[in-house]
Amino acid sequence: MKRQLLVTAALPYANGHIHLGHLVEYLQTDIWVRFQKFRGHRAIYLCADDTHGTAIMIRARQEGRSEEALIADMREHHVRDFAGFDIEFDNYGSTNSPENRRLCGEIWASLRKAGLVVERDVVQLYDVQAGTFLADRFVKGTCPYCGLINQYGDSCDNGHTYSPADLKDPVSTLSGTTPEVRRAPHLFIELEQLHAFLADWIGADDHLQSEVANYLNGHFLGEPLKDWDVSRPAPYFGFEIPDAPGNFWYVWFDAPIGYMASLAEWCVNFGEKFDQWWPKSAADGKSDGKNNDSREIHHFIGKDIQYFHCLFWPGMLKTAGYRLPTKVHIHGFLTVDGEKMAKSKGTFVRAATYLKHLNPSYLRYYYAAKLGPRLEDLDLNLDEFVTKINSDLVGKVVNLASRTAKFVEVTGLSAKYPDDGGLFAGAAAEAEAIAAAYEACDFNQAMRRIMALADRANAYVDQNAPWQLRKDPTQASRMQDVCSVSLNLFRQLAVYLAPVLPRLAAQTGQLLGRPIAHWDEAQSPLCGTPVAKFEHMLTRVEKTQVTEMIEESKEQAPAAVATTPGMPGATPQTSAPAAENADSGAALAAEPLAAQITIDDFTKVDLRVARVVAAEDVAEAKKLLKLTLSLGGDTQRTVFAGIKEAYKPEQLVGRLVVMVANLAPRQMKFGLSEGMVVATGPGGKEVYLLTPDSGAVPGQRVL
RNA sequence: GGCGACGUAGCUCAGUUGGUUAGAGCAAUGGCUUCAUAAGCCAUGUGUCGGCGGUUCGAAUCCGCCCGUCGCUACCA
C-alpha cells in the first residue's frame with residue numbers, strides 16, 4: 001500500500017543558531033523521510049522557524065531593529081545550515097505567517113466553542129518605562145519570606161515560591177526601574193477537561209515510545225492537569241487574539257500550529273489540498289490516529305518538549321477536530337565525548353562551523369550509526385567519529401568501488417550478471433530487514449546490517465583478486481566479471497545507504513551511468529553498462545580537522561550565547577549553559593545588572609573574610625557541603641554551601657573565603673545554616689569561590 | 001527522598017516471547033595481500049552479561065533487593 005506521510009521536525013527557535021545538538025533531530029527526520037520517499041511512498045518533510053515570544057521581542061529591542069528583521073535574518077542562517085547538511089525540507093515556513101495566524105484563529109475558536117477557555121486575572125509586575133509586563137525571569141528582588149536578595153520573580157533560592165507582586169524591592173532587569181504591580185486578565189485552557197481523552201491517546205496504538213507514555217503517566221496524568229496559560233498581554237511579539245484585544249497567544253500556542261501553517265504553505269505552492277494531508281477527524285469525533293486510510297502524521301521532537309507535543313498538542317487537535325499524530329518520535333540529547341555540550345570546551349559546535357571543517361556526510365552517517373528507536377541520549381565520541389567514518393565509509397564501502405572501478409573503465413560491466421556465489425541475491429534479500437530497521441527508526445541496526453554486507457563484498461574481492469587476473473590476458477572476461485560483481489555489490493550498498501548518504505548515491509549513479517532513484521534498485525544488478533572514470537567519493541577524516549573545529553568553536557563561544565533557555569521550539573540544548581570562559585558580554589547579558597543601590601544599601605550586607613576550619617560532605621544532599629567557618633577568635637559559623645559538585649571538602653579546609661555574615665540563619669534539613677559563602681558561576685560543577693588576596697585575615701570586613 | 005532510563009569485551013554498542021560453548025564493529029596481536037583514499041583478507045584473545053537472592057529442568061533475558069551512572073523532580077543552594 002502506498003502511504004502518505006506528513007513528517008515534521010520541531011521548529012527551531014529564531015533566537016539561536018543551529019548546532020550539532022539540533023542536527024540529531026533534523027538529520028534523523030531527514031533520513032526517515034528520504035527513506036520513505038525512496039520506498040515509493042508520498043512523504044513531505046515540513047518545518048519552520050519558531051519566531052514569537054518575549055525573548056525575540058527583547059532581543060530585537062536590544063539590537064535596535066524590528067522583530068521581523070531579526071527573524072528574517074535568523075531564518076536565512078537556519079535555511080543555509082540545513083541545506084549544508086543535505087536536509088531537504090519540502091517546506092520551511094515561519095510561525096509568523098498569515099497561514100499560521102488564520103489556523104491559530106480557527107483552532108482558538110474551537111477551543112472557545114468547546115468551553116475550554118477560561119479567563120482569570122494574573123497579577124504581574126509591569127515595567128512602566130519599558131512598557132511591558134515582566135515575565136518572572138525579568139524581575140529581581142528580595143524574597144518576601146526569607147529576605148534573600150536578588151531573586152527572580154517566582155521563587156527564591158531558598159525555595160520559597162511567591163507571586164512576583166509579593167516580591168520586595170522588585171526591579172525590572174529590562175530598565176532597572178521599579179515595576180508596578182498590575183493585574184491583567186489571562187486566558188487559560190482547562191486541559192483537565194481532556195484528561196480522559198489524553199490518557200487514552202497516550203496509552204494507545206503505539207503513538208509514543210513506551211518510555212514516554214510511562215513518563216507522562218507518572219508525571220502528569222496521575223493528577224488533574226493544570227490549566228494552561230495561553231495568553232500574554234501586550235506588548236508581545238506574536239498574534240493578537242481576535243476576541244481578546246490587547247492579548248496575544250503565548251508562543252507555545254502558535255508554535256505547533258506552525259506545522260499546519262507550513263503544510264498550508266506547501267499546499268499552495270504545489271497545488272495540494274490541505275485536508276488531504278491533515279484531515280478532519282471522522283464525524284464521530286474519533287480523531288484517534290488509527291484511521292483506516294493510509295495517511296499518517298509523524299512528529300519528531302526532542303525529549304525537552306514532550307509535554308507540549310504529547311499533552312497540549314493532541315488536546316488542541318482533538319478539540320479542533322483534526323487528525324491526531326500517528327506517532328510522536330522522541331529522541332534524547334546529544335553529548336560530546338560523554339559530556340553535555342559546553343561552549344567552554346568547544347563541544348558546542350555550530351552547524352556552520354562544522355561545515356567549515358568537515359563533510360556533512362560524515363555526520364549523517366555517524367548519527368545514523370548511533371541512532372536507535374528509543375529515547376536515549378546520543379554520544380558523539382570524537383575519536384570514534386574519526387575511526388568509524390574511515391573504517392566504515394572509506395575503508396569498506398567506497399573502497400569497494402575504488403579498488404575495482406578502474407579495471408572496467410574500458411569494458412564496462414559484464415553483459416550478463418556473473419555467478420557471485422549468491423552474494424548479490426543474499427544482499428538483495430536483506431532489503432526488507434534493512435527497510436524494517438529504517439522504518440522503526442532503528443538506523444543503527446540498518447547501518448550494522450549494511451556494513452556486514454560490505455564486509456562480505458570486500459572478502460569476495462579479496463578472494464577473487466582481480467588485480468591478479470588482470471595480469472593474465474586470457475582471464476580478461478573473468479576479471480570483468482569479478483569487477484562487475486564488486487561494483488554491483490557496491491551499488492547495492494549505495495542504495496541502502498541512500499537515505500543517509502544522498503551524495504554517495506548520486507556519485508554512484510554518476511559512476512555507473514544510472515541514477516539511483518528507488519529502494520528496489522537493490523534487487524537487480526546492472527549489466528552491460530559503461531563505467532565512468534572513478535573519482536574519489538569521500539575523503540578520509542583526519543583527527544586534526546575535528547580538533548580544529550573544536551578549537552574554532554571555543555573561540556566562537558562568546559558570540560553564540562544569544563539562545564534563551566527553555567524557549568519554545570527548543571530542540572536539544574538550546575538551554576545550554578552560557579559561556580563563561582571569555583570576557584564576552586555573555587555572562588552579563590545572561591544576568592543583567594540589578595537596579596542601582598546606595599552605599600547604605602550595600603553596607604547592609606556584612607561581608608567578612610572567613611577561614612574554612614572544617615568541611616564535610618553532607619552525604620544525603622546532592623549539592624551541599626557543611627562548612628565550619630572561623631571569623632577569628634572563637635567565633636565560628638556553620639554554613640551549608642551548595643558547592644559539592646565543584647569542591648571536595650579537603651580542598652577547602654584552611655582556605656579563606658568571603659561570607660555573608662549577617663544573613664538571617666536558615667534551618668535546613670541537615671542543620672542550621674548561619675550565612676552563606678560568596679561564589680560565582682552558573683552552578684553545578686562550575687562554582688567559583690571568592691578568595692581575598694593574601695594578607696587578609698578572618699573577621700575583616702569586605703567593603 | 002520520589003519517578004524513570006541505563007549498567008554486556010579497552011571503546012561504542014547488539015542480543016531478552018528464558019534454551020546448547022554470549023555477539024558485532026572499532027582498538028590490540030600475529031600472519032597474508034598490495035587492486036584500492038597506508039585501503040583489504042584471515043586468524044587470535046579477553047567478558048564472575050553491575051552485585052546478591054529468588055522463580056525455573058534451564059536466566060544476560062522474568063521477579064525482588066542492593067550498588068553505580070544519568071535525567072527529571074523534591075528538599076536545598
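Values in this document were obtained by computation on a predicted structure and should not be read as measured data. Here is the naming used below: chain letters follow the sequence lines, and residue numbers restart at 1 for every chain.
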> Counting just side-chain N and O atoms, does A:Arg540 come under 4.0 Å of either OP1 or OP2 of B:A39?
Replying inline: yes

> What interatomic distance, in whole Å, is found between P of B:C62 and the corresponding atom of B:G30?
Replying inline: 41 Å

>> On the six-membered ring of A:Tyr365, is A:Lys388 placed so that its NZ or CZ lies under 6.0 angstrom from the centre and within 45° of the ring axis?
In response: no

> Counting side-chain heavy atoms from C-beta on, which of B:C35, B:C13, B:G40 comes nearest to A:Lys370?
Replying inline: B:C13

> Relative to each other, are the rings of A:His309 and A:Trp252 parallel, tilted or perpendicular (30° and 60° limits)?
Replying inline: perpendicular

>> Checking contacts here: which listed nucleotide (B:G71, B:U37, B:C76) is nearest the side-chain heavy atoms of A:Lys303?
In response: B:G71

> Roughly, in whole Å, what's the span from CG in A:Asp379 to P in B:G7?
Replying inline: 15 Å

> What's the OH-C1' distance between A:Tyr365 and B:U12, to the nearest Å?
Replying inline: 12 Å

> Would you call A:Asp379-A:Lys370 a salt bridge at under 4.0 Å N-O?
Replying inline: no

> If the P atom of B:G64 is compared with that of B:C26, how far apart are they to the nearest Å?
Replying inline: 39 Å

>> Please report the distance separating the C1' of B:U48 from the corresponding atom of B:U33, rounded so that it comes out in whole Å.
In response: 41 Å

>> Between the side chains of A:Arg448 and A:Asp392, is the shortest nitrogen-to-carboxylate-oxygen separation below 4.0 Å, so that they form an ion pair?
In response: no

> So what does A:Asn458 touch, heavy atoms closer than 4.0 Å: a base, only the sugar-phosphate, or nothing?
Replying inline: sugar-phosphate

> For A:Asp227, what residues pass the side chain to side chain donor-acceptor pair (under 3.5 Å) criterion, not counting sequence neighbours?
Replying inline: A:Arg120

>> I'd like to know whether the aromatic ring centres of A:Phe300 and A:His331 sit less than 6.0 Å apart in this structure.
In response: no

> Taking NZ from A:Lys471 and P from B:U34, how many angstroms apart are they, rounded to a whole number?
Replying inline: 6 Å

>> Please determine whether a side-chain nitrogen of the Lys or Arg among A:Lys303 and A:Asp377 lies less than 4.0 Å from a carboxylate oxygen of the Asp or Glu.
In response: yes

>> Rounded to whole Å, how long is the line connecting atom NZ of A:Lys543 with atom C1' of B:C11?
In response: 13 Å

>> Counting only heavy atoms from other residues, nucleotides and ligands, does the tally under 6.0 Å from CD of A:Glu409 exceed 12?
In response: yes

> How far, in whole Å, is B:A60 from B:A43 if one measures between their C1' atoms?
Replying inline: 28 Å

> A:Phe385 vs A:Tyr354 aromatic rings, parallel, tilted or perpendicular, using cut-offs 30° and 60°?
Replying inline: perpendicular

> Given side chains that start at C-beta, do those of A:Val531 and A:Leu487 come closer than 4.5 Å, heavy atoms only?
Replying inline: yes

> For the pair made of CZ in A:Phe534 and P in B:A39, what is the distance, rounded to whole Å?
Replying inline: 15 Å

> How close or far is atom C1' of B:G40 from atom CG of A:Leu453, stated in whole angstroms?
Replying inline: 17 Å

> Of the candidate nucleotides B:G40, B:C42, B:G71, which contains the atom at the shortest distance from the side chain of A:Ala459?
Replying inline: B:C42

>> Rounding to an integer number of Å, can you tell me how far A:Leu375 CG sits from B:A5 P?
In response: 11 Å

>> With rounding to the closest Å, how many angstrom separate the P atoms on B:A27 and B:A39?
In response: 9 Å

> Relative to the 5' end of RNA chain B, which residue comes earlier, A:Asp377 or A:Asp442, by the nucleotide with the nearest heavy atom?
Replying inline: A:Asp442

> Taking only Watson-Crick and G-U wobble pairs with both distances under 3.5 Å, what dot-bracket line describes RNA chain B, where [ ] shows pairs that cross earlier ones and | shows pairs with another strand?
Replying inline: ((((((((.[[[[.)...(...]]]].(((((.......))))).....[[[[[..)....]]]]])))))))....

> Taking the C1' atom of each, how far is B:A38 from B:A24, in whole Å?
Replying inline: 25 Å

> If you measure from the P atom in B:G7 to the same atom in B:C76, how many Å do you get, rounded?
Replying inline: 34 Å

> Once you round it to whole Å, what is the distance between C1' of B:U37 and OH of A:Tyr362?
Replying inline: 10 Å

> Do A:Ser402 and A:His536 come close enough that some side-chain heavy atom pair is under 4.5 Å?
Replying inline: no

Distances under 3.5 Å between protein N/O atoms and the N/O atoms of nucleotides 23-33 of chain B, please, pair by pair.
from, atom 1, to, atom 2, distance (Å)
B:G25, O3', A:Lys396, NZ, 3.3

>> Suppose you measure atom C1' in B:U73 against the same atom in B:G54; what distance do you get, rounded to whole Å?
In response: 32 Å

> How would you label the contact of A:Met451 with the nucleic acid (heavy atoms, under 4.0 Å): base, sugar-phosphate, or nothing?
Replying inline: nothing

